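One structure is given here, and the rest of the page talks about it.
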Amino acid sequence: MTDRQAAKAIVQRFYADLGSHASAAAEVMQSACAPDLLWRGMHPFGTIHGPDAVAAAFWTPLRTAFRDIQRREQVFFAGTNHIDGHASTWVVSMGHLLGLFDAPFLGIAPTRKATFLRYADFHRVENEQIVETACYVDIMDFLLQAGRLPLATPTGANVLTLGPRTQDGLLHARQPDEVGETTLNVLNAMLDDLIGGGLESPEEDLARSWTEDMVWFGPAGIGTTYTRPRYREQHAGPFEETLEFVRHNGHQCRVAEGHYAAFFGYPSLTMKMRGGFLGLPASAREADMRIVDVYRREGDKLAENWIFIDVPHFLLMQGIDVLTQARSLPAR
């Protein structure tokens, strides 16, 4: 198991090298990552093996499309993985990649405007290398900013996702173990209620786990909600009514440090359409949701939650190619 601080330093150096050597993504990946790197991305990237392949499929096209990229990090911490009995060490980074959208990306014409690519990364560090990565970029939010989002009106608000209210999400210094353990326990209790209840969120369960003034930062197409009652009204209720829970597939990683925690599942949930979700009709097809959740704890409850869902992949499993649809739309 790699020391948390050593793992943070390796990921920070990797990010710094990516930023300063924008035209040499393959060399940076080769230096920082294991030759058999396992990289999981959102649609259309999927699962990729090896640093050269990741650079060619993701980083080089991204760097070509978006000029002068800045990493605007909002949350950064490291922890040992609850899922494997705390045998592995993972580093979590969340925020935005800000760049000038000056060349086509994923077949979408450039706007020449500043664009905020919302991201969450999980890096497993071992033997002074990154050996596994989950890279979630909110593709739907990118389409929204490009004026090409082919979906119905979201139940929440489409806004630029803010960082923690407390402005303390960058945990560069080591945090006391007991604080992270408390955060993980609060998160696990909430998940026990949620998953054990078949993904239902009655008010009594929400009151046990969430502050009254909670903020839930959902992915584009779903949106952000503020306060526990409005979360129930604008996300949890509509989500439960328009989707049928099939199964929980588990998480690959669940970690905590200080007052922050996060997990990802690839996929986390399998669902069916009852009709209405994202404005779409009912369907008997099962579809997977690849999901990231990042949390901030306040006292004995969760206060803020940032969520990433691979919506394009979920829709593709329903027979809906949202990227193809987006390319055919006139910019708005």
Side-chain angles (χ1 to χ4, degrees), residues 4 8 74-94 120 122 134 136 161-218 224-232 235-237 239-240 245 248-265 268-269 289 291-309:
R4 290 202 310 263
K8 289 178 189 177
Q74 297 166 323
V75 172
F76 180 81
F77 68 92
T80 56
N81 188 4
H82 172 76
I83 302 303
D84 64 12
H86 301 277
S88 59
T89 302
W90 292 74
V91 178
V92 178
S93 173
M94 186 199 78
F122 290 69
Y136 283 67
T161 304
L162 303 176
R165 179 184 181 186
T166 46
Q167 301 293 308
D168 61 355
L170 302 179
L171 307 187
H172 294 142
R174 182 183 296 276
Q175 306 297 304
D177 289 347
E178 61 272 18
V179 180
E181 289 168 5
T182 298
T183 302
L184 185 61
N185 289 338
V186 171
L187 172 58
N188 285 340
M190 183 276 291
L191 291 173
D192 287 345
D193 280 346
L194 182 64
I195 297 167
L199 230 62
E200 299 285 325
S201 301
E203 174 55 33
E204 58 268 27
D205 286 1
L206 291 176
R208 260 197 307 274
S209 298
W210 297 92
T211 62
E212 178 72 17
D213 62 348
M214 67 173 285
V215 186
W216 190 89
F217 296 101
T224 290
T225 66
Y226 170 49
T227 76
R228 202 167 65 219
R230 295 296 172 89
Y231 167 75
R232 177 70 195 147
H235 174 66
F239 190 83
E240 294 162 12
F245 173 63
H248 180 247
N249 301 300
H251 301 146
Q252 279 69 44
C253 176
R254 192 185 306 168
V255 292
E257 185 181 26
H259 287 81
Y260 290 85
F263 65 72
F264 79 87
S268 181
L269 303 174
M289 286 188 168
I291 298 176
V292 159
D293 276 61
V294 180
Y295 300 87
R296 181 179 68 84
R297 174 177 62 86
E298 197 169 277
D300 61 353
K301 296 184 179 182
L302 302 169
E304 293 183 278
N305 186 194
W306 297 264
I307 302 88
F308 297 74
I309 301 176

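Here, residue 1 is the first one in the sequence, and each next residue gets the next number. If you're wondering where the values come from, they're calculated on a predicted model, not measured in any experiment.
- Using the six-membered ring where Trp is involved, Trp210 and Tyr295 have ring planes that are tilted, between 30° and 60° apart.
- Under the side-chain contact (heavy atoms from CB on, under 4.5 Å) test applied with Ser209, the options Val186, Asp193, Asp192 reduce to a single match, Asp193.
- Separating the CD atom in Glu257 from the OG1 atom in Thr80 is a distance of 9.5 Å, to the nearest 0.5 Å.
- What you find for Tyr226 and Asp213 is that their closest heavy atoms are CE1-O, 3.7 Å.
- A donor-acceptor distance shorter than 3.5 angstrom exists from the side chain of Thr183 to the backbone of Gly258, with no hydrogens or angles considered.
- For Lys301 (side chain) and Glu212 (main-chain N/O), no donor-acceptor pair under 3.5 Å exists by modelled atom type.
- Interatomic distance, Gln167 CD to Gln74 CD, rounded to the nearest 0.5 Å: 8.5 Å.
- A distance-only check finds a donor-acceptor pair linking the side chain of Glu304 to the backbone of Arg165 [under 3.5 Å].
- For Arg232, the CZ atom is densely surrounded, since the number of other residues' heavy atoms within 6.0 Å is greater than 12.
- Taking every heavy atom of both residues into account, Glu203 and Arg228 meet most closely at OE2-NE, 3.2 Å.
- Closest heavy-atom contact between Pro164 and Val75: CG-CG2, 4.0 Å.
- Atom CZ of Phe245 sits in a crowded spot, with more than 12 heavy atoms from other residues, nucleotides or ligands closer than 6.0 Å.
- Rounding to the nearest 0.5 Å places CG of Leu269 at 5.5 Å from NE2 of His248.
- Between Phe77 and Gln175 the shortest side-chain heavy-atom distance does not fall below 4.5 Å.
- Proximity of a side-chain donor or acceptor of Arg296 to a complementary backbone N or O of Gly169 within less than 3.5 Å is not detected.
- Looking only at distances, a side-chain donor or acceptor of Arg297 sits under 3.5 Å from a matching main-chain atom of Gly299.
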_What verdict does the side-chain contact (heavy atoms from CB on, under 4.5 Å) test give for Asp168 and Tyr260, after you've listed the backbone C-alpha separation in whole Å, the side-chain angles of each residue and the deciding distance to 0.1 Å?_
CA-CA 10 Å; Asp168 61 355; Tyr260 290 85; 2.5 Å; yes
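- Within the 4.5 Å cutoff, the side chain of Leu191 has heavy atoms near those of the His251 side chain.
- Between Phe308 and Ala120 the shortest heavy-atom distance is CE1-CB, 3.6 Å.
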*So Leu171 and Arg4, side-chain contact (heavy atoms from CB on, under 4.5 Å) or not? Walk me through it.*
CA-CA 11 Å; Leu171 307 187; Arg4 290 202 310 263; over 6 Å; no
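- Distance alone, capped at 3.5 Å, places no donor-acceptor pair between the Ser268 side chain and the Phe264 backbone.
- Closest of all the heavy-atom pairs between Ala78 and Val91 is CB-CG2, 4.0 Å.
- Note: Leu194 CG to Leu206 CG = 9.0 Å, rounded to the nearest 0.5 Å.
- For the residue pair Leu162 and Trp306, the shortest heavy atom distance occurs at O-NE1, 2.9 Å.
- Rounding to the nearest 0.5 angstrom, the gap separating the CG atom in Asn305 from the CG atom in Asp293 is 4.5 Å.
- Summarising the geometry, atom CG belonging to Leu199 is positioned 6.0 Å from atom CZ belonging to Phe239; distances are rounded to the nearest 0.5 Å.
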